[in-house]
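Structure record follows, encoded as structure tokens.
Each chain gets a letter, A, B and so on, in the order its sequence line appears, and its residues count up from 1.
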Amino acid sequence: MRTLFTLFTFAATALAAVTIPDVPPRHPVKPQISSIAWRPDGKLLALGTYKEVRLVDPATQQVVATLPGHAEQVRSVAFSADGKLLAAAGGLPARSGEVKIWDVDSRKELITIKGHSDCIYSVAFSPDGKTIATASYDKLLYLWNVADGQQVRKLKDHIDAVYALAWTPDGKRIASASADRGVKIWDATTGERLYTMSDATDGLSAIAISPDGKSVAAGGLDKTIRVWTLGDKGAKLDRTLIAHEDAILSLAFSPDGKFLVSSAADRSMKIFHADTLEEVRAFPTQSDWVQTVAFSPDGKRFAVGRFDGTLSIITGVN
Amino acid sequence: MKLFALLALPALLAADSLKVLPDSAILRGPEARHQFLAEATSSGHQEDWTKNAQWTSSNPAVATVDATGLVTPVSDGDSMITAAANGVSSSAKIHVTAAHEPFTWTFQNDVLPVMTKAGCNQGACHGALAGKNGFKLTLRGYDPAADYETLTRVSLGRRINLSDPSHSLMLLKPTMAIGHGGGQRFKPDSLEYRVISEWIAAGAPRPQDSDATVKALEVYPAAATLKPGAEQQLVVRAKYSDGNVRDVTRWVKFSSSDEGVATVDDWGHVKMNGSGEAAITLWYQSKVLYSRLNVPFDRKIDPEVYSKFDQHNYIDEFVAAKLKALHIAPSKSSDDATFLRRAYLDATGTLPTSEAVENFLADKSPDKRARLVDQLLDSDEYVDYWSYKWSDLMLVSSRKLAPKAMWSFYNWIRDSVRQDKPWNKMVNEIFTSSGDTLQNGALNYYVVHKDPIDLTENATLAFMGQRITCARCHNHPLEKWTQKQYYQMANLFSRVGLKSGAEPGDMVVYAKTSGDIDLPRLARPLPPAPLDAPSIPLDSPEDRRLPFAKWLTSPENTMFSRSIVNRVWANFLGRGLVDPVDDLRSTNPASNEELFTAVTKDFTDHNYQIKHLIRTIMTSGTYQLSAEANATNQDDNKYYSKYIVRRLPAEVILDAMSQVTSAPTRFDGYPLGTRAEQLPDVRVQSQFLTSFGRPQRILCDAAERSQAPSIAQALHVINGDTLNKKLSAPDAFPALALKLGLSDSRLLDTLFLSAYSRYPEEAEKEPMLKALEQARVNQGSSEVRADARKKAIEDMMWAMLSSKEFLFTY
């Protein structure tokens, strides 16, 4: 039996009411894994999936808890440095962004932040845990106060969707990567855009800052990994490598900063020496797009989440 | 209620016959639907009775049919679908198979066609090069694999929701459940919605290499003669590689070649608005076709008109048949003087001399027109004229060629024309030769087209009338050519080597053993293939141009023969059988397809000989029709019911002025007396030629030669140096006439004969003689008198040479 429900929306000129049929999936769906984060103690993984976060024990790969109630796909998850809080972000595509802050131990939702006019693709805690930054398809980044969910800053300079962001380890700066091909460096205190790296020739979807905070790597549709050294007034493009045969989906530095792992839309996944971009290891073709890679805090393993909903924890770098 | 509805329908005329179209169908799978048409024929025209007919199925347990002729499968088996109306009936056979088998919509054959029809991937929306609002599809779905990733995975799969399909952005947006800049493209209760939502619900299966592909389209009716104001539904079926045939009418993009005659809506429903013929073109999944619908002009024409039409060869039969079908009467035949002038200008680009006119008019033999044609085909002027024409086509000029190389190229063309080298042989020489460009002039084609992309596009246009440039960046949005075909074709020319020869301007063309052109989006080369022909292996050591040449000039490649036939035809009849002359895409039908086919076949049967083609055209009654319209063909410029009046080409006008005034044009670097039509180069300075539309030979495009009128042209004729200097030259005709002491009457005759190819009429004579008389000065020195007389002759000639009768062919 099909049920009917109605979605109301403001069209450009009038209130439109379109009745949408309810179409159930014909087969059970294994929701995609959009994002993975390791708790800093290395004993818990958070996976961003459809309408919920799954907490997984990396030792057994069993789901130990689910954190429900999210509006749609949870596209980004991040732990605070002390491992006590988890930010899970998503929202409704083309409508709104949403972040929920969870108390990890009690599995309790602390606060829900609503903002952005499109869904959020990236969320990250400041190193001191007081602030979270969000990046959205609506071209904006916001900084929010974790304690009360108040918006602190609006970072506005990108001209297309912002897919990825990262804090520098000192908490002073934020780097963002956008479909507009630019990497921007922001002053986290003032919200001022400090400078832009415009070397990419197509939209960017992934960003990673090295553990020492000195360099930033980004990749995207041009299949190329670029690594810049960050300076006060600008960055220097250090290394460039056409790393895959299709768009790069995700990038991560190993905690010791020696390696860089990347995945791409040709279902490939590779590990490179971070300082030379020399290939260390190429993995067999993956079962589907690897949308997220994350190193364990000890650097001995990394977790891989795919579009087909599969999770792998890979041991050893080379 | 039902009775009332029936009464409200238009009364049906008695029909000679009724036919269900198509006459059979196989419905495969539970989602197969098939529209049938009930097409009545009544006294020579068709009527669409689909909506008026009573539809029944002989076996409703197998298939049902609704009141509109739409058939739906129920279970496997056979049934007859019958339409009955007004005492006549007709049936179609239905076979239903796989009616209860599990069914899933496919991305490539179901979802993409829905999106294409809804316009999602059109150039103004997400099919734009930069996409729209961050969402980019390939134009009209030319790259299904890329579109699939974009829709299902890119941006973390924001556009589909596998867990909750109806909440997918790709459904919420086009239904306007949430704001959409493109407005509502389909409704939630539509089949479009069902196709996409059910595909997502099935897990959004990805396109497979094994998916059936569309091989061809068929349309019902393929042609019909209808009444003014009539409406006609079309049914389009796609034939797939797996043998399946589906009614795809709903997903076809329709357009009309002539909205004044017929308009068509998104569902293939045609309305005839006026008289004439229109092609309703169909585009589905990069396959194209058209249906030809016509409405005869609403008038009665005495059948005798057609039997009286002076028919000389098969061309006239086809023209008469078309004119008869459309109720257009042909003009009467042209008189001898008009024919003579036209024949000279069209075949040789020159005017007949006054002597030639006098002789022709005096000749009483019945075959004099045919003999004239032979005489013109044998003339040097014929060689000049057609060498110039093919030089336009092959872009001969000193822009990219050193003088010696240009001459080598030109002389090769000239020699080919002189010999009447078969067109296939001539073109073959370009694509099969290697060696020295000064020795073999044809090879300069590669010097002009050094870039393989240029070579691909220009050779395709020059020799096949196919414009494939669109396919460089994406599948042709209106045509059947795909980007893949484009780069396979381009890769045929990736190994044309050019190196310097023995002297400046000399180049050596050779076949390289390596080199490929990549298909950009795949970043790899594809096996080279001539457009729709099989490919050759990437590692084949063969000169890749050879299979191209073989395919290009083979009799099966009608694009090749039709292209040259159309160019020659347009030269004589003023409009190609397909118009524009070099736009032979399959959605641009000929104005008389049967005629075009027949002329093309005759041409290939006669060994691709241009002279045979020209002779056939020029000796036809059609070519010899008057340009004067009758009451029925004033508006006809398409079906050859009369000769089409047109301005002469730039070079022909200039040469004619030189000829009539006896004052040749001086071209820098060429001997005095060289006519414009004899120049091998278009870079020879001439303001006159430029303003009258001489092409620069940079683009391979018939439109590069401008036929547009301009102020500059008027000024050139009225005030410009060109004509006035010719008239006042010391040994020009006015001076000569004065020296010879020609009488006014003799002078007038000579001028009319040489400029207009006819004797002056009495009504013209009288005022002109009077004017000449009045211009005489009877006092003063002999010099003053001679001056006045010369001035009068110059003025009279100026008036004649600036008139339409001189500047036009008719």
Side-chain angles (χ1 to χ4, degrees), chain A residues 2 4-12 16-35 48-51 72-76 90-95 118-119 121 137 139 160-161 163 179-180 203 205 221 223 245-247 249 265 288-289 291-292 307 309, chain B residues 102-105 130-131 133-136 145-146 148-150 152-181 183-184 186-190 193-206 521-524:
Chain A
R2 281 187 173 181
L4 292 175
F5 61 95
T6 304
L7 273 179
F8 286 92
T9 180
F10 281 100
V18 174
T19 306
I20 301 287
D22 182 18
V23 182
R26 251 165 59 180
H27 316 287
V29 173
K30 192 168 185 186
Q32 57 161 308
I33 300 172
S34 303
S35 175
T49 72
Y50 188 65
K51 290 192 173 175
E72 222 241 27
Q73 183 71 27
V74 176
R75 292 167 198 275
S76 184
L92 296 169
R95 280 154 289 170
D118 205 311
C119 59
Y121 277 85
Y137 200 83
K139 307 169 191 175
D160 207 336
Y163 285 120
D180 68 11
S205 42
L221 296 176
K223 308 160 193 167
E245 287 180 13
D246 207 337
L249 303 172
D288 208 329
W289 286 20
Q291 312 201 98
T292 176
F307 185 85
Chain B
F103 175 84
T104 305
W105 302 104
N133 281 342
F135 174 33
K136 176 181 168 358
Y148 177 81
E149 306 291 15
T150 302
T152 62
R153 279 166 175 66
V154 168
S155 303
L156 295 180
R158 70 185 257 112
R159 299 177 179 106
I160 62 162
N161 187 330
L162 293 172
S163 303
D164 206 347
S166 55
H167 280 72
S168 299
L169 214 48
M170 81 178 280
L171 288 168
L172 295 175
K173 285 266 187 180
T175 52
M176 279 292 274
I178 66 172
H180 181 218
Q184 190 179 54
F186 49 78
K187 292 187 158 60
D189 58 359
S190 64
Y193 189 93
R194 206 156 66 74
V195 169
I196 296 179
S197 62
E198 291 179 7
W199 169 73
I200 298 171
R206 69 168 55 240
R521 74 185 148 87
L522 297 181
R524 63 177 167 86

In terms of ring plane angle, is the pair A:Tyr163 and A:Tyr121 parallel, tilted or perpendicular, where the classes change at 30° and 60°?
-> perpendicular
Please look at A:Ser205 and chain B and tell me whether the side chain, the backbone, both or neither of the residue comes under 4.5 angstrom of a heavy atom of that chain.
-> neither
Proximal component of B:Lys173, with respect to chain A [non-hydrogen, under 4.5 Å] = side chain
Using a cut-off of under 4.5 Å on heavy-atom pairs, state which of B:Gly203, B:Ser155, B:Gly157, B:Ser197 scores highest against chain A.
-> B:Ser155
Would you check if the side chain of B:Arg206 reaches a backbone N or O of B:Tyr148 as a donor-acceptor pair within less than 3.5 Å?
-> no
Per-residue contact mode, A:Ala94 against chain B (heavy atom under 4.5 angstrom) | both
All side chain to side chain donor-acceptor pair (under 3.5 Å) counterparts of A:Asp288, not counting sequence neighbours = B:Arg153
Those residues at least two apart in sequence (or on a different chain) that pass ring-ring contact (aromatic ring centres under 6.0 Å, His included) with A:Phe307 are none
Between the main-chain N or O of A:Asp22 and the side-chain N or O of B:Ser166, is there a donor-acceptor pair closer than 3.5 Å?
-> no
So, B:Ser168 side chain and B:Asn161 main chain: donor-acceptor pair closer than 3.5 Å or not?
-> yes
Is there a donor-acceptor contact under 3.5 Å from the side chain of B:Gln184 to the main chain of B:Thr175?
-> yes
Proximal component of B:Leu169, with respect to chain A [non-hydrogen, under 4.5 Å] | side chain
Let me know if B:Asn133 has heavy atoms under 4.5 Å from chain A in its side chain, its backbone, both or neither.
-> backbone
Turns out that what part of A:Lys30 lies under 4.5 Å from chain B's heavy atoms comes down to neither
Chain B heavy atoms under 4.5 Å from A:Glu72: which part of the residue, side chain, backbone, both or neither?
-> side chain
Select one option (side chain, backbone, both, neither) describing which atoms of A:Asp118 are under 4.5 Å from chain B's heavy atoms.
-> side chain
